[in-house]
Amino acid sequence: MATTQSQRAALYTKLAESMGNEAADTLIAELPPGGWEQMATKEDLAGVESRLTNAITAGLAELTVKITEGLAETNNKLTEGLAETNVKLTEGLAAAAEERANIIKSHADLIKSQARQLYVIVTTIVTTVAVAAVSIWIALFTSAGA
């Protein structure tokens, strides 16, 4: 049962009469204002400590789960991003290789065309030289016989 203010006042008066005001002040000051039943016991503190420990442990477990989930999600997003980048890079390299092959084919076709033209020119020159040589020989042989 909590001590009322009037009970504290009555106690103070009796203490002051028997021990003096200073001793009565000291004793009354040491009494809890709401009564001893409102003072925390070791068992009360142990209960609070246990509940607090459990709450912290549960909070840390929940935080660990959230961090793990967040890391897994981040890892998945990075993996997907890298896969997309890899696909795009592979496609780009394939397109570049195809373009290179087209350029090489184009150059090969150009070289073949130029080789054909050179063949025609050389053949024409050789034929012209051969015809000229034959004409010269014919002229030489016919004028030598005359």
Side-chain angles (χ1 to χ4, degrees), residues 1-140:
M1 172 172 125
T3 307
T4 64
Q5 193 60 29
S6 61
Q7 290 171 327
R8 286 175 72 90
L11 177 62
Y12 178 80
T13 305
K14 288 211 183 248
L15 286 172
E17 288 173 3
S18 64
M19 298 172 41
N21 284 343
E22 189 175 329
D25 287 342
T26 302
L27 280 172
I28 292 295
E30 295 300 317
L31 291 175
W36 289 105
E37 67 278 353
Q38 292 189 1
M39 298 298 291
T41 64
K42 289 181 182 180
E43 292 81 20
D44 293 334
L45 293 178
V48 169
E49 178 185 20
S50 176
R51 289 191 304 274
L52 186 58
T53 300
N54 291 341
I56 289 172
T57 301
L60 287 175
E62 185 178 333
L63 181 62
T64 300
V65 167
K66 287 184 178 184
I67 288 173
T68 302
E69 289 172 351
L71 288 174
E73 184 178 337
T74 301
N75 187 37
N76 289 339
K77 286 181 180 179
L78 283 174
T79 301
E80 289 172 5
L82 288 174
E84 286 179 21
T85 301
N86 192 23
V87 167
K88 288 179 182 178
L89 183 59
T90 302
E91 290 171 351
L93 288 173
E98 185 178 338
E99 182 66 24
R100 182 174 182 252
N102 289 338
I103 291 170
I104 289 171
K105 183 182 179 301
S106 163
H107 283 229
D109 291 345
L110 181 62
I111 290 170
K112 285 179 186 176
S113 172
Q114 289 175 345
R116 279 189 212 107
Q117 288 175 357
L118 185 59
Y119 175 76
V120 169
I121 292 170
V122 168
T123 304
T124 304
I125 292 172
V126 168
T127 303
T128 304
V129 169
V131 168
V134 169
S135 296
I136 291 172
W137 287 345
I138 291 175
L140 285 174

**Asked** So do the side chains of L140 and I136 get within less than 4.5 Å of each other, counting heavy atoms only?
**Response** yes

**Request:** Mark yes when over 12 heavy atoms from residues, nucleotides or ligands other than E49 sit less than 6.0 Å from its CD; otherwise mark no.
**Result:** no

**Prompt:** Can you tell me how far the CD1 atom of I103 sits from the CZ atom of R100, to the nearest 0.5 Å?
**Reply:** 9.0 Å

**Request:** Please round to the nearest 0.5 Å and tell me the distance separating atom NZ of K105 and atom CD of E98.
**Result:** 12.5 Å

**Prompt:** To the nearest 0.5 Å, what is the distance between OG1 (T128) and CD1 (I121)?
**Reply:** 11.5 Å

**Asked** Rounded to the nearest 0.5 Å, how far does OG of S106 lie from CD of E99?
**Response** 9.5 Å

**Prompt:** D44 versus V48: any side-chain heavy-atom pair under 4.5 Å?
**Reply:** no

**Message:** Does any part of the side chain of I56, heavy atoms only, come nearer than 4.5 Å to the side chain of L52, both counted from C-beta?
**Reply:** yes

**Message:** Could you report the tightest heavy-atom contact between A16 and A24, atom names first, then the distance?
**Reply:** N-CB, 3.6 Å

**Request:** Output the distance between atom CD (E69) and atom OG1 (T74), rounded to the nearest 0.5 Å.
**Result:** 11.5 Å

**Item:** Stepwise side-chain contact (heavy atoms from CB on, under 4.5 Å) test for L82 and N86
**Value:** CA-CA 6 Å; L82 288 174; N86 192 23; over 6 Å; no

**Asked** Just by distance, do the side chain of T124 and the backbone of V120 share a donor-acceptor pair under 3.5 Å?
**Response** yes

**Message:** I'd like to know if the side chain of T79 reaches the main chain of N75, judged simply by a donor and an acceptor atom lying under 3.5 Å from each other, with no hydrogens or angles considered.
**Reply:** yes

**Request:** Please round to the nearest 0.5 Å and tell me the distance separating atom OG1 of T90 and atom NZ of K88.
**Result:** 12.5 Å

**Message:** Quick one, L31 and L27 - any side-chain contact, counting heavy atoms below 4.5 Å?
**Reply:** no

**Message:** Can you confirm whether D25 sits close enough to Y12 that some side-chain heavy atom of one is under 4.5 Å from a side-chain heavy atom of the other?
**Reply:** yes

**Message:** Donor-acceptor check, side chain of T123 to backbone of Y119, threshold 3.5 angstrom: yes or no?
**Reply:** yes

